[in-house]
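Below: one structure, written as structure tokens.
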Amino acid sequence: MVDEHSMDSERYNAREAEPKWQAVWEEKDIFRTGNADARPKYYVLEMFPYPSGRIHMGHVRNYTMGDVIARYKRARGFNVLHPMGWDAFGMPAENAAWHNKSHPADWTYANIASMRAQLKSMGLSIDWSREIATCDPSYYKHQQKMFLDFLAAGLVVRKKSKVNWDPLDHTVLANEQVIDGRGWRSGALVEQRELTQWFFKITDFAEELLGSLDTLTRWPEKVRLMQANWIGRSEGLCVRFELDPAPAVKAREIEVYTTRPDTLFGAKFLAIAADHPLAAEAARKDPALAAFIDDCHHGGTSLAAIETAEKKGYDTRLKARHPFDPEWKLPVYAANFVLMDYGTGAIFGCPAHDQRDLEFANAYGLGNTPVVCPPGQDPETFEITDTAYDGDGVLIHSRFLDGMSIAAAKEDVARRLEGRPLGNRPQGKREVQYRLRDWGISRQRYWGCPIPIIHCEACGVVPVPAADLPVELPKDMSFDEPGNPLARHPAWKHVTCPKCGGAALRETDTMDTFVDSSWYFARFTDPWNEAAPTTPEMVEKFLPVDQYIGGIEHAILHLLYARFFTRAMQATGHVGALKEPFAGLFTQGMVVHETYRDADGTWLYPADIRIESDASGRHAFKLDGGGEALIGAIEKMSKSKKNTVDPDDIILAFGADTARWYVLSDSPPERDVIWTEEGVQGAAKFVQRLWRLVGELKGLAAPMGTLVPADVSAEAAAIRRAAHGSLIKVEEDIERLRFNRAVAQIHDLANKLSAAVGDIETAKVTPDLRAAFREAADMLTLMLAPMMPHLAEECWAALGHTDLAAQAAWPSADRALVVEDTIAYPVQVNGRKRADLVVARDAGNAAIEAAALALEPVRRALEGRPVKKVIIVPQRIVNVVG
RNA sequence: GCGGGCGUGGCGGAACUGGUAGACGCGCUGGACUCAAAAUCCAGUUCUGGUGACAGAGUGCCGGUUCGAUUCCGGCCGCCCGCACCA
């Protein structure tokens with residue numbers, strides 16, 4: 001039944017409604033978060049974007065998820081903090097400057113302006129008053145201050161380290177920027193170079209960062225595991241081997257690190273890294289060794305080539321004494337597979353029980369002696385040929401260790417060597433090693449946060465005095481030569497030394513952009529503080545972030561750096577007692593799309609394609625009339641394959657709510673979502689359907705504020721059951737970030753309400769029904785509001801409300817209404833469903849059993865067999881065993 | 001090699017702690033409305049057989065536990081992701 005007040009014929013016009021409501025929200029400033037607000041806080045944060053210029057569908061998905069949570073939590077009465085900023089330093093701006101002769105700052109701020117407008121067109125409930133850009137001196141001056149604080153606290157050090165050097169661009173490259181051994185931009189073969197760089201001492205917190213992973217119960221297990229592996233803790237023993245006096249070196253000993261001291265009697269050689277000081281020393285008198293070391297440098301250490309690289313070594317002629325037998329001399333090799341920056345840069349090789357050592361020993365004819373015998377093997381005949389044994393077993397051929405377990409032997413060796421002096425120290429020392437390295441933050445780039453340091457010939461490394469901060473980037477720059485533009489600037493680096501007043505040079509390296517993103521979440525809590533990076537009380541008020549959302553690609557670096565930075569900030573008094581910045585983490589999947597190719601193999605944009613499908617499948621046709629195109633694999637949206645969809649186009653054609661709904665609806669949020677034209681059409685249709693449905697409900701609904709009477713008809717009870725039941729499920733689903741299920745639930749409710757509206761034509765519209773329709777319409781609208789906020793406002797207003805849906809309290813569900821007074825039991829015979837049985841909720845087991853056995857399909861399925869047992873699971877199922 | 005995850009209709013996916021497999025959506029098929037199209041509405045849609053009621057099979061494969069398994073256990077197969085000479 002549709003009366004004349006119905007809006008049935010009117011279509012919902014998103015293009016008009018969306019900007020209208022966005023303007024209302026902005027004018028009323030309803031998403032501003034009060035720092036003095038006493039309500040419980042909820043901090044929702046999505047990883048802030050790099051201002052590339054345009055948002056992409058991945059952003060739409062990311063920010064929509066966060067916005068759903070923000071709006072939902074706001075409706076539930078929380079003081080929600082939902083800010084936005086820009087990860088604005090980085091190489092692309094410099095590359096753009098190089099290509100377009102523009103300034104990185106101009107390029108960046110123009111991009112920010114257009115992306116901000118795009119984000120606003122999505123209708124995100126963001127407190128824009130807290131917006132920050134990391135490239136702004138008002139942000140990075142605080143970062144410089146913290147750098148100095150960390151330096152004073154011993155958390156920053158300067159040391160030499162190997163880096164990937166691009167000889168054409170004259171710059172250091174991050175590992176990710178090295179592709180197949182070549183610079184990603186220049187294509188030049190990357191060299192390994194030693195440079196003096198600034199490091200954050202993340203390794204100081206290795207134990208703490210690893211141990212605290214257990215407290216992050218609302219993080220994906222996968223991310224915690226990845227971080228644990230990255231930190232890579234191992235327990236072992238440092239053992240010093242005495243060297244026989246040799247003319248080549250002055251050193252008297254070699255220290256090795258091992259996790260298998262139990263296999264010490266299986267040792268066949270020692271190996272040191274090519275970069276080991278001892279190798280360098282020996283090479284001075286051995287040109288062949290020098291050549292070998294040089295060779296190792298060219299192999300590259302971060303390349304996939306390592307995988308297939310042969311084990312190579314060079315016999316230094318040095319001899320080391322076995323710790324438990326001074327007459328037992330072990331050869332010392334320089335070897336390409338030993339890493340200088342792990343452990344001590346030296347190992348002892350036990351070929352029988354380590355695959356790498358075995359390959360090496362086999363290549364150089366060093367033999368092997370098994371010292372761990374697997375259970376069930378005869379120690380006399382147990383042999384190793386080309387596969388090392390690293391399993392459990394009993395010690396053999398190991399003198400005083402024979403017969404022990406691996407654990408006992410480890411303990412025994414450690415105890416003996418720790419108790420025995422060599423020189424003025426014990427020969428052995430138990431040590432914990434980590435794979436984690438200190439975080440090198442020096443970058444030879446312009447568009448980054450300047451490192452606030454001055455180098456003075458007389459005074460050495462001098463921190464820039466706090467009063468002189470920020471050290472601002474110079475604006476008059478040229479980018480027409482490769483290398484670090486800052487270093488080439490004629491004047492900027494020339495300063496007087498703050499200590500002695502003499503001529504000095506500024507540090508021209510800038511900080512890794514990961515530094516910028518390591519504390520922005522804390523800055524958001526009080527971005528107005530000009531005097532300090534943070535206001536610790538506000539940090540403690542809002543942090544940790546309750547729900548952080550972003551891509552899995554940041555599982556290690558960003559998330560680990562931020563965890564480190566928070567601890568360093570705590571040590572320097574910037575965050576109060578806060579330790580972990582992100583209490584809840586969610587890693588969302590990508591937006592992927594089909595690819596299309598022309599007959600000649602060139603890629604085609606989805607926007608130039610029309611899809612037709614029939615019973616035989618899907619076909620793509622070129623819109624320019626050029627015939628059929630080939631449908632290719634579904635892949636991550638990328639410019640190179642042209643399988644991108646511009647969010648602006650979608651918002652213009654269908655509205656932001658449609659885009660939001662679609663990215664929430666089709667897949668579980670942690671998985672990839674496949675963007676399809678049909679899917680968007682479906683979402684757009686549903687927007688219209690909801691608008692019509694709310695109109696129809698309104699036509700039948702009681703006036704606003706009417707309460708549903710206590711005593712209602714079965715029809716009204718069914719409507720209430722549907723509305724309250726859906727509400728409960730939608731709540732649960734949003735709380736657990738299962739947006740796709742919340743979407744399905746709302747579809748389901750819409751179906752039920754449509755059916756109820758349709759049925760009403762033949763029934764009388766009684767006051768209880770009118771009240772139930774009113775309640776259902778209001779509830780449906782508010783359930784919708786986190787996901788489709790504009791449509792919800794339009795519906796809310798149409799339903800006669802004068803406040804905003806965005807400010808309305810979440811409706812409260814009455815669980816009692818959802819309970820039915822009958823229960824429909826599926827009845828199985830031998831585990832196979834044969835019938836349905838509807839009984840009163842309070843029916844006893846005997847009555848249920850009798851009713852079930854009386855059912856015709858049950859009797860038929862039993863085929864006259866006697867009933868052995870009847871299993872009744874209350875509220876669930878009946879199973880007859882016959 | 002090590003670590004982790006995932007295999008369910010034509011497709012995306014649902015199924016709470018072992019309890020009606022396929023919710024919801026997309027697509028498709030048929031119908032209504034329309035001069036026609038779009039939009040909308042109705043019905044159907046796991047497979048096989050049957051007009052039908054119904055019967056049988058079915059959650060990657062093989063086996064086990066159980067009254068009952070997509071779910072738990074063992075063994076395979078396939079795909080995806082991360083790390084990778086870490087001593």
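If you're wondering where the values come from, they're calculated on a predicted model, not measured in any experiment. Residue numbers start from 1 in every chain, and the chains themselves are labelled A, B, ... in the order their sequence lines are given, proteins ahead of strands.
In terms of position on RNA chain B, the residue among A:Asn830 and A:Asp666 whose nearest nucleotide sits closer to the 5' end is A:Asp666. Mapped onto RNA chain B by nearest heavy atom, A:Tyr342 and A:Trp230 fall at different nucleotides, with A:Trp230 at the one closer to the 5' end.
Note on A:Ser665: nothing from the nucleic acid sits closer than 4.0 angstrom, heavy atoms only. If you check every strand for non-hydrogen atoms under 4.0 Å, A:Arg671 touches sugar and phosphate atoms only. Within 4.0 Å of A:Arg224, counting heavy atoms only, lies no atom of the nucleic acid at all. Among the atoms of the strands shown, none is found under 4.0 Å from any heavy atom of A:Val870. Note on A:Asn879: a base of the nucleic acid sits closer than 4.0 angstrom, heavy atoms only. Within the 4.0 angstrom heavy-atom criterion, only backbone atoms of the sugar-phosphate kind lie near A:Glu678; the bases stay farther away. Residue contacts for A:Ile871: at a heavy-atom cut-off of 4.0 Å it reaches a base atom on one of the strands shown. Among the protein residues, A:Asp357 comes within range of no part of the nucleic acid, since none of its heavy atoms lies under 4.0 Å from any strand. No engagement by A:Arg233 is indicated, since no non-hydrogen atom pair under 4.0 Å with the nucleic acid exists.
Across all strands shown, the partner of B:C61 is B:G75, judged by Watson-Crick or G-U wobble contacts whose two distances both fall under 3.5 Å. For B:G9, there is no paired base (Watson-Crick or G-U wobble, both distances below 3.5 Å). B:G3: Watson-Crick or G-U partner is B:C81, with both key distances under 3.5 Å. Across the strands present, B:U40 finds its partner in B:A32; the criterion is a Watson-Crick or G-U wobble pair with both atom distances under 3.5 angstrom. Pairing for B:U66 is absent, judged as Watson-Crick or G-U wobble with the two contacts each under 3.5 Å. B:G52 is unpaired under the Watson-Crick or G-U wobble criterion, no partner having all donor-acceptor distances under 3.5 Å.
A:Arg738 and A:Glu732 are not joined by a salt bridge, as no carboxylate oxygen comes within less than 4.0 angstrom of a charged side-chain nitrogen. A salt bridge links A:Glu207 with A:Arg233: the closest approach of a Lys/Arg side-chain nitrogen to an acidic carboxylate oxygen falls below 4.0 angstrom.
A donor N or O paired with an acceptor N or O is found under 3.5 Å between the base of B:C16 and the side-chain atoms of A:Arg876. Taking only distance into account, the side chain of A:Lys868 never meets the base of B:C67 through a donor-acceptor pair shorter than 3.5 Å.
Under 4.0 angstrom from either OP1 or OP2 of B:A38 there lies no side-chain N or O belonging to A:Arg11.
Checked against B:G56, B:U40, B:A14, the side chain of A:Arg692 finds its nearest nucleotide in B:U40. Closest contact between the side chain of A:Asp836 and the listed nucleotides B:U20, B:G4, B:C67 involves B:U20. Set against B:G12, B:C24, B:A87, the side chain of A:Ser234 has B:A87 as its closest nucleotide. Candidate nucleotides B:G12, B:A57, B:C67 were compared by shortest atom distance to the side chain of A:Arg832, and B:A57 ranks first. Closest contact between the side chain of A:Ala744 and the listed nucleotides B:C24, B:A14, B:U40 involves B:C24. Looking at the side chain of A:Val873, the nearest of the listed nucleotides B:A87, B:G19, B:A55 is B:G19. Counting only heavy atoms from C-beta on, A:Arg435 has its side chain closest to B:A84 among B:A14, B:A84, B:G25. Of all nucleotides listed (B:U20, B:G12, B:G25), B:G12 comes nearest to the side chain of A:Ile674.
Summarising the geometry, the separation between CD on A:Gln355 and P on B:A84 is reported as 20 Å, rounded to the nearest angstrom. The nearest whole Å value for the distance from the CG atom in A:Leu855 to the P atom in B:U20 is 18 Å. The nearest whole Å value for the distance from the CG atom in A:Asn362 to the P atom in B:C85 is 21 Å. The distance between atom OH of A:Tyr662 and atom C1' of B:G27, rounded to the nearest whole Å, is 12 Å. Look at CG on A:Asn740: it is 15 Å from P on B:C24, rounded to the nearest Å. One can place CD of A:Gln828 at 7 Å from P of B:U20, the figure rounded to the nearest angstrom. As rounded to whole Å, 10 Å separates atom C1' of B:G27 from atom NZ of A:Lys685. B:A53 atom P lies 12 Å from atom CZ of A:Arg860, rounded to whole Å.
In this structure, A:Asn643 contributes its side chain and A:His593 its backbone to a donor-acceptor pair below 3.5 Å.
Separating the C1' atom of B:U65 from that of B:C72 is a span of 8 Å, rounded to the nearest Å. Taking atom C1' on both B:G9 and B:A21, the two are 11 Å apart, rounded to the nearest angstrom. Comparing B:A32 with B:G22, their P atoms are spaced 31 Å from each other, to the whole Å. B:C61 sits 11 Å from B:U71 when the P atoms are compared, rounded to a whole Å. Nucleotides B:G78 and B:U8 place their C1' atoms 15 Å apart, quoted to the nearest Å. With both ends at atom C1', the span from B:C77 to B:A84 equals 25 Å, rounded to whole Å. Nucleotides B:G74 and B:G5, compared at atom P, are 13 Å apart to the nearest Å. On the C1' atoms, B:G10 is 13 Å away from B:C47, given to the nearest whole Å.
Across all their heavy atoms, A:Asp214 and A:Thr217 have their closest contact at O-CG2, 3.9 Å. When all heavy atoms are compared, the tightest approach of A:Cys238 to A:Glu255 is CB-OE2, 3.5 Å.
Between A:Trp219 and A:Phe586, the gap from one ring centroid to the other reaches at least 6.0 Å.
A 6.0 Å sphere centred on NZ of A:Lys729 holds no more than 12 heavy atoms belonging to other residues, nucleotides or ligands.
With its glycosidic angle more than 90° from 0, B:G56 adopts the anti conformation.
Note on ring orientation: taking the six-membered ring where Trp is involved, the planes of A:Tyr333 and A:Phe360 are perpendicular (angle over 60°, cut-offs 30° and 60°).
Within the cation-pi definition used here (under 6.0 Å to the ring centroid, within 45° of the axis), A:Arg11 does not qualify as a partner of A:Trp691.
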